[in-house]
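Along the sequence shown, residues are numbered consecutively beginning with 1. Values reported hereafter were calculated over all heavy atoms of this structure, with side chains retained and with hydrogens, waters and symmetry mates removed.
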Amino acid sequence: MYLWGPLRFILGWIASPFFLFYAYYYLGGEISNLGAGMRSRQNFRRILDAAAVNPHDGDAQYQLGLIYQERRQYTEAIQRFKNAIAIDPKETDAHFQLGRIARQQGRLKDALGHFEAVLNQDERHSQSEILRELGGVYIAAGQFEDARAFLADYDVDRSEEHTSELQSP
């Protein structure tokens, strides 16, 4: 009898539309994050199955490498990117990601090799981001003049791109 009064009051508030609206408003993002995690796992499984079905699909290997890189599983990511390059030597994106990982790990010579491969295949890769990455490698190596040249080219490309965006209707 003594519990029924307060319990009825609390249940009345919880069941009210006012409370339900604000609970959904404040917790809606958390509920959608649960779904995003599930979709991420399903996407990973789908790509893993595609790579297992056709191990000669360079794009599937590259996509798996990106997923492993995002999860900070760099050893597996490096292996997948190398598989993609072995399948298709012109896989510019895999070279770019291998260069970024090597730069993060302090393997500057490997990073430089991968970035040069990207530069030879496509100078404007990722909207000239390759020039910025090469500049970063040269800065880390202490070769400031080489870094300055690549970063100046990067700045010129970015300003030209910005100018063309402003002029287009």
For this session: Show the numbers, then the answer: is there a side-chain contact (heavy atoms from CB on, under 4.5 Å) between L134 and D146?
Result: CA-CA 9 Å; L134 274 166; D146 294 329; over 6 Å; no
Problem set entry | Whichever hydrophobic residues join I87 through chains of side-chain contacts under 4.5 Å | none
For this session: Please go through I85's hydrophobic cluster and name the other residues, only I, L, V, M, F, W, Y counting, with side-chain heavy atoms under 4.5 Å joining them.
Result: Y62, L66, Y74, I78, F81, L98, I101
Problem set entry | Hphob cluster co-occupancy, L112 + L108, side-chain heavy atoms under 4.5 angstrom | yes
Problem set entry | Verdict with reasoning, V118 to D93, per side-chain contact (heavy atoms from CB on, under 4.5 Å) | CA-CA 8 Å; V118 172; D93 293 325; over 6 Å; no
Which pair of non-hydrogen atoms, one from [X] and one from [Y], has the smallest distance, and what is that distance?
X: G58; Y: A84; answer: O-CB, 3.5 Å
X: Q73; Y: Y68; answer: OE1-CD2, 2.7 Å
X: A147; Y: I139; answer: CB-CG1, 3.5 Å
X: Q97; Y: Q69; answer: OE1-OE1, 3.0 Å
X: A102; Y: A111; answer: CB-N, 3.6 Å

For this session: With the side chain counted from C-beta on, respond yes when H95 and T92 share a heavy-atom pair under 4.5 Å apart, and no when they do not.
Result: no
Problem set entry | Point-to-point distance, once rounded to the nearest 0.5 Å, from CG of L119 to CG of L131 | 6.5 Å
For this session: Give, for atom CD of Q105 and atom CZ of R100, the distance between the pair rounded to the nearest 0.5 Å.
Result: 12.5 Å
Exercise. Does Q61 use its side chain to pair, donor to acceptor, with the backbone of Q79 at less than 3.5 Å?
Worked result: no
Exercise. So F150 and Y138, would you call those rings parallel, tilted or perpendicular, with 30° and 60° as cut-offs?
Worked result: parallel
For this session: Can you establish whether the number of heavy atoms outside E70 located under 6.0 Å from its atom CD is more than 12?
Result: no
Problem set entry | Listed partners of E76 passing salt bridge (charged side-chain N to carboxylate O under 4.0 Å, His left out), at least two apart | R80
For this session: Check the pair E91 / D88 against side-chain contact (heavy atoms from CB on, under 4.5 Å), numbers first and verdict last.
Result: CA-CA 6 Å; E91 184 65 57; D88 182 11; 4.2 Å; yes
